[in-house]
Amino acid sequence: MTNTKMKRVCILGSTGSIGTQTLQVISEHPDLFEAYVLTANSRADLLIQQAKEYKPQCVVIADESKYEYVRDALADDPVQVYTGAEALCQVVQMEPVDIVLTALVGFSGLRPTISAIRAGKPIALANKETLVVAGELITGLCLEHRVPLLPVDSEHSAIFQSLMGEVSAVEKIILTASGGPFRTFTLDQLRDVTPAQALKHPNWDMGAKITIDSASMMNKGFEVIEARWLFDVAPDKIQVVVHPQSILHSAVQFEDGAVKGQLGMPDMRVPIQLALSYPQRLKSSFPRIDWWDLKDLTFEKPDAEKFRCLQMAYEAIRMGGNAACIVNAANEVANLAFRQERCKFLQMADVIEQTLQRIPHQEKPTLQDYLDCDSETRIIANEIINTKS
Ligand code: NDP
Ligand code: MG
């Protein structure tokens with residue numbers, strides 16, 4: 001007999017940091033969640049291992065050169081194996097899928113997310129770049145198809161939780177930021193930081209791209225844009241506050257001056273679980289705050305001179321249209337170039353700024369316009385990097 005409470009989850013990016021933690025949440029509640037679709041880009045062995053353990057209906061290996069390897073390894077298992085970017089757009093639409101958790105990195109999440117929304121699937125959104133690139137389009141589609149967009153990002157989950165049960169206007173959103181590994185560095189010290197230093201985040205263990213974005217605070221800039229679209233608030237009502245301990249995950253200030261926030265240990269499984277189980281909260285075995293162990297909860301102003309990417313995100317929302325799409329694509333190129341030591345840490349902001357100046361502004365982009373803008377931006381950003389080095 002089918003368990004009617006059981007939610008069948010499609011995890012886009014099951015081999016990543018968010019994807020593997022989502023599988024841990026599913027393992028905690030085998031009576032409530034089933035991993036129905038798992039997908040990876042190229043980490044074939046991990047995908048095979050996950051398929052054997054979680055027994056999904058199907059898996060997608062996006063990298064086509066790994067298809068035969070995965071298919072052969074799973075030949076004796078009752079699982080269908082697909083490949084290619086197009087397959088990601090199709091599996092999200094499978095009839096039994098109850099919720100799609102988007103944990104792909106960067107622009108690659110946009111088309112599968114749109115495809116899932118069009119099929120009416122609720123979205124648990126980790127892939128913030130989708131909202132950064134095309135927030136207006138995505139939120140419009142969600143309204144049209146009556147699809148809930150449930151935040152997985154810890155800050156946005158905290159804001160979402162602070163808003164539960166509230167009917168009054170929001171005065172301000174307080175978006176907390178850890179400040180990353182370079183919070184206390186001077187501008188001079190930032191000039192020669194290495195990818196290895198940037199990849200050591202003080203509080204969170206995440207994928208490489210977002211870890212570099214956290215070090216440059218581009219991630220916080222993206223989260224401002226994400227909050228703007230998720231909660232329909234003007235950017236000047238979103239205040240970034242550096243809170244190095246990452247215990248207050250974000251807060252909302254109301255018009256009577258009351259501030260409601262959500263606190264907890266830095267553990268992504270908490271917001272992932274809530275996005276899957278909403279509106280219920282489920283029991284968990286994840287670590288609790290030990291109040292006697294909390295020495296300080298401190299708050300600082302972000303340094304706009306050191307972390308220019310944060311300001312650039314505010315600028316991109318003010319510009320609207322394709323501006324945030326350009327910032328996102330230029331950042332993806334610069335972020336990768338920094339990891340490959342083809343671009344210095346502080347140059348990432350220059351690349352984004354110069355690319356933004358070179359691509360023509362477009363007011364109301366369609367999906368095709370976003371796809372074209374993303375490709376064009378990558379060419380220009382790479383050109384800028386190559387002329388610098
Ligand atoms: P990871 O790099 O750890 O994982 C990314 C996943 O997406 C992997 O499964 C990867 O496959 C797959 N993938 C990457 N590129 C492609 C592509 N082009 N086509 C198909 N699949 C692809 O990233 P994270 O889990 O850290 O982050 C995922 C998203 O969640 C990002 O948007 C990030 O900003 C957001 N997020 C992450 C947080 C975290 O704590 N990690 C916190 C808040 C938000 P493969 O393994 O084969 O490479
Ligand atoms: Mg976050």
Side-chain angles (χ1 to χ4, degrees), residues 107 110 125 127-140 142-143 149 151-163 166 168-180 210 213-214 216-243 248-255 257 259-262 299-331 348-349 352-353 355-357 359 361-365 370 373 377:
F107 190 85
L110 180 66
L125 182 106
N127 175 235
K128 67 190 85 182
E129 294 92 335
T130 288
L131 274 189
V132 169
V133 168
E136 195 170 2
L137 184 80
I138 295 288
T139 47
C142 285
L143 274 177
L149 201 49
V152 168
D153 212 348
S154 58
E155 295 77 0
H156 304 74
S157 178
I159 296 162
F160 183 74
Q161 293 177 60
S162 304
L163 288 171
E166 295 290 345
S168 308
V170 166
E171 189 170 76
K172 192 159 92 176
I173 281 182
I174 294 111
L175 187 70
T176 52
S178 71
I210 185 178
D213 285 347
S214 301
S216 67
M217 291 196 78
M218 185 78 261
N219 179 54
K220 210 45 60 178
F222 285 165
E223 291 185 354
V224 171
I225 304 179
E226 187 184 8
R228 184 260 169 274
W229 292 116
L230 276 175
F231 307 111
D232 196 19
V233 277
D236 60 355
K237 287 188 170 181
I238 306 172
Q239 181 178 11
V240 173
V241 174
V242 175
H243 165 49
L248 173 64
H249 295 306
S250 279
V252 177
Q253 180 173 308
F254 295 93
E255 287 179 322
V259 177
K260 260 172 86 180
Q262 183 251 325
F299 301 93
E300 303 164 12
K301 205 172 166 176
D303 185 329
E305 201 195 346
K306 276 188 339 197
F307 300 108
R308 283 165 50 219
C309 293
L310 180 56
Q311 262 346 93
M312 264 189 284
Y314 277 101
E315 185 53 30
I317 325 178
R318 267 188 288 273
M319 289 172 72
N322 62 345
C325 175
I326 299 168
V327 169
N328 176 68
N331 177 63
M348 289 194 284
I352 299 165
E353 196 167 47
T355 311
L356 189 57
Q357 283 161 4
I359 309 265
H361 184 73
Q362 200 175 9
E363 202 43 55
K364 264 229 169 258
Y370 283 122
C373 174
T377 304

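Scanning all heavy atoms of the two residues, the minimum distance from C325 to C373 falls at SG-SG, 3.8 Å. Between T139 and E136, the shortest heavy-atom contact is OG1-O, 3.3 Å. Taking both residues in full, the closest heavy atoms of S178 and V242 are given as O-CG1, 3.8 Å, listed atom of the first, atom of the second, then distance. When all heavy atoms are compared, the tightest approach of G321 to P365 is C-CG, 3.9 Å. Residues A134 and Y370 come closest through the heavy atom pair CB-CE1, 3.7 Å. Contact detail for G261 and S162: the closest heavy-atom pair is CA-OG, 3.6 Å.
Taking the side chain as every heavy atom from C-beta outward, F222 and L131 never approach each other to under 4.5 Å. K306 places none of its side-chain heavy atoms less than 4.5 Å from the side chain of M217. When side chains are defined from C-beta on, V240 counts as touching Y314, because their heavy atoms get closer than 4.5 Å. Side-chain contact between L110 and T130: present, with at least one pair of heavy atoms (C-beta onward) separated by less than 4.5 Å. Two residues are said to be in side-chain contact when any heavy atoms from C-beta on lie closer than 4.5 Å; V170 and F231 fail this criterion. Side-chain atoms of K128 and I210, non-hydrogen and from C-beta on, do get closer than 4.5 Å to each other. F160 is not listed as a side-chain neighbour of V252, based on a closest heavy-atom distance of 4.5 Å or more. Using a 4.5 Å heavy-atom threshold, the side chains of E166 and K260 count as touching.
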Derivation of the side-chain contact (heavy atoms from CB on, under 4.5 Å) call for F107 and V132:
CA-CA 9 Å; F107 190 85; V132 169; over 6 Å; no

I would like to know whether M312 and N331 meet side-chain contact (heavy atoms from CB on, under 4.5 Å); could you show each step before the answer?
CA-CA 11 Å; M312 264 189 284; N331 177 63; over 6 Å; no

Should I159 and L175 be marked as a side-chain contact (heavy atoms from CB on, under 4.5 Å) after you check the CA-CA gap, both sets of side-chain angles, and the distance that decides it?
CA-CA 8 Å; I159 296 162; L175 187 70; 4.0 Å; yes

Stepwise, does the side-chain contact (heavy atoms from CB on, under 4.5 Å) test hold for I238 with E223?
CA-CA 10 Å; I238 306 172; E223 291 185 354; over 6 Å; no

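In terms of modelled atom types and a separation under 3.5 Å, the side chain of N328 and the main chain of E129 share no donor-acceptor contact. Proximity of a side-chain donor or acceptor of H156 to a complementary backbone N or O of E226 within less than 3.5 Å is not detected.
The CD atom of E255 sits 13.0 Å away from the NZ atom of K172 when rounded to the nearest 0.5 Å. Once rounded to the nearest 0.5 Å, the distance linking CD1 of I138 with CG of L143 reads 12.0 Å. Between R308 atom CZ and E353 atom CD the span is 4.5 Å, to the nearest 0.5 Å. Rounding to the nearest 0.5 angstrom, the gap separating the OG atom in S216 from the CD1 atom in I352 is 6.5 Å. The distance from atom OG1 of T176 to atom NZ of K220, rounded to the nearest 0.5 Å, is 6.0 Å. Within the model, atoms NE2 of H361 and CG of L356 stand 9.5 Å from one another, a figure rounded to the nearest 0.5 Å.
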